[in-house]
Amino acid sequence: MSDHEQVFADLGESISWEQLEITLFSRTVPTPRLTAWMGDAAYAYSGVVNQPQPWPRQLAALRDRVSAECGVAFNSCLANLYRDGSDSMGYHSDDEPELGPLPTIASVSLGARRTFALRHRASRARWTWPLGEGDLLVMSGESQSDYAHAVPKTAKPVGPRMNLTFRRFDS
Ligand SMILES: O=C(O)CCC(=O)C(=O)O
Ligand SMILES: [Mn+2]
């Protein structure tokens, strides 16, 4: 097993995955992926409230490694598990006020590669990357204020993918 496969297996077991419900336009549906939130306080977005969970040992170790790499003391992590191609995340920006105006967010992708799409809000120009297998993507500067990002559904047969976005919340 390669390093990233081992980390995928470890975190798949040690993170307490949940499927939350999201309410949009007065319709309540399960989020199309499993999630977990590690941080100091609850994290709410799109009508979903994520209660914080303790850091599994392997995830705290990865957080410290990514913090050293980026020079940012990350203190929270949103974990997503896309079980297959019908799991997805719609276009959004990580622009909660607690993240500050130009946040640096580090995103580690494990497991199967899935298309990560970045779209410029004003011009609608779009870029894609097939992220998985241990990739690190760092979003900083205007990445959230001027762009939105998504992981679209795919009809192609695809294995599970895990994504860990490390964030710094100032309280
Ligand atoms: O799965 C990904 O690559 C993106 C995850 C994401 O955008 C988020 O957790 O806010
Ligand atoms: Mn995001």
Side-chain angles (χ1 to χ4, degrees), residues 4-5 7-8 11-12 15-22 24 30-53 55-56 59 62-63 66-67 69-70 72 74-121 126-154 156 158-170:
H4 68 83
E5 287 169 337
V7 178
F8 181 99
L11 293 178
I15 292 176
S16 304
W17 298 99
E18 29 183 22
Q19 187 167 25
L20 301 174
E21 300 208 308
I22 183 165
L24 283 177
T31 53
R33 60 189 176 276
L34 306 183
T35 60
W37 166 246
M38 276 67 45
D40 297 335
Y43 179 36
Y45 62 89
S46 305
V48 185
V49 180
N50 293 266
Q51 293 301 335
Q53 298 188 10
W55 291 87
L59 187 62
L62 186 58
R63 174 200 61 205
V66 171
S67 290
E69 180 74 27
C70 297
V72 176
F74 294 113
N75 60 7
S76 56
C77 178
L78 182 64
N80 295 292
L81 185 60
Y82 305 88
R83 294 160 293 179
D84 59 28
S86 61
D87 276 356
S88 63
M89 186 174 300
Y91 273 105
H92 68 282
S93 303
D94 300 316
D95 55 3
E96 289 71 27
E98 302 91 323
L99 292 171
L102 298 171
T104 296
I105 295 175
S107 157
V108 174
S109 297
L110 298 159
R113 294 186 176 277
R114 289 282 300 268
T115 297
F116 176 91
L118 182 74
R119 188 170 75 188
H120 191 251
R121 285 173 182 281
R126 185 174 173 272
W127 297 262
T128 61
W129 294 272
L131 297 185
E133 299 186 5
D135 285 333
L136 170 65
L137 170 80
V138 181
M139 296 185 276
S140 60
E142 286 82 29
S143 303
Q144 307 304 328
S145 55
D146 293 5
Y147 299 80
H149 54 271
V151 178
K153 288 187 198 304
T154 175
K156 291 184 201 135
V158 63
R161 169 179 181 270
M162 192 186 299
N163 177 264
L164 309 159
T165 51
F166 297 97
R167 302 142 190 259
R168 181 168 176 84
F169 269 71
D170 287 315

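Just so you know, ligand 1 is whichever comes first in the structure, and atom 1 is the first atom listed for that ligand.
- Geometry note: the Mn ion (ligand 2) is the vertex, Asp94 OD1 and His92 NE2 are the arms, and the angle is 80° (rounded to 10 degrees).
- A distance of 9.0 Å separates OG in Ser109 from CG in Leu136, rounded to the nearest 0.5 Å.
- Between His149 and His92, the two ring planes are perpendicular [angle over 60°; tilted spans 30° to 60°].
- Atom 10 (O) of ligand 1 has Arg167 NH2, 2.9 Å as its closest protein atom, hydrogens excluded (heavy atom only).
- Remark: minimum distance from atom 6 (C) of ligand 1 to any protein heavy atom is reached at Met89 SD, 3.5 Å.
- Heavy-atom contacts of Leu78 reach the following atoms of ligand 1: 9 (O) (cutoff under 4.0 Å).
- Salt bridge Asp87/Arg161: absent, no basic N to carboxylate O contact under 4.0 Å.
- For atom 3 (O) of ligand 1, the nearest non-hydrogen atom of the protein is Arg161 NH2, 2.8 Å.
- Remark: minimum distance from atom 2 (C) of ligand 1 to any protein heavy atom is reached at Asn163 CG, 3.3 Å.
- Of the N or O atoms in Tyr82, one or more lie within a sub-3.5 Å distance of an N or O in ligand 1.
- Those atoms of ligand 1 with a heavy atom of Phe116 less than 4.0 angstrom away are 3 (O), 4 (C).
- There is a side-chain donor-acceptor pair under 3.5 Å between Asn163 and Ser107.
- Ring geometry for Phe116 versus Trp129: interplanar angle of 30 to 60°, hence tilted.
- Between the CG atom in Asn80 and the OG atom in Ser88 there is a gap of 10.5 Å [rounded to 0.5 Å].
- In summary, the atoms of ligand 1 found under 4.0 Å from a heavy atom of Asp94, numbered by their order in the structure, are 10 (O).
- Judged by distance alone, the side chains of Thr165 and Arg167 do bring a donor and an acceptor atom under 3.5 Å apart.
- The closest approach between a heavy atom of Asn80 and any atom of ligand 1 is below 4.0 Å.
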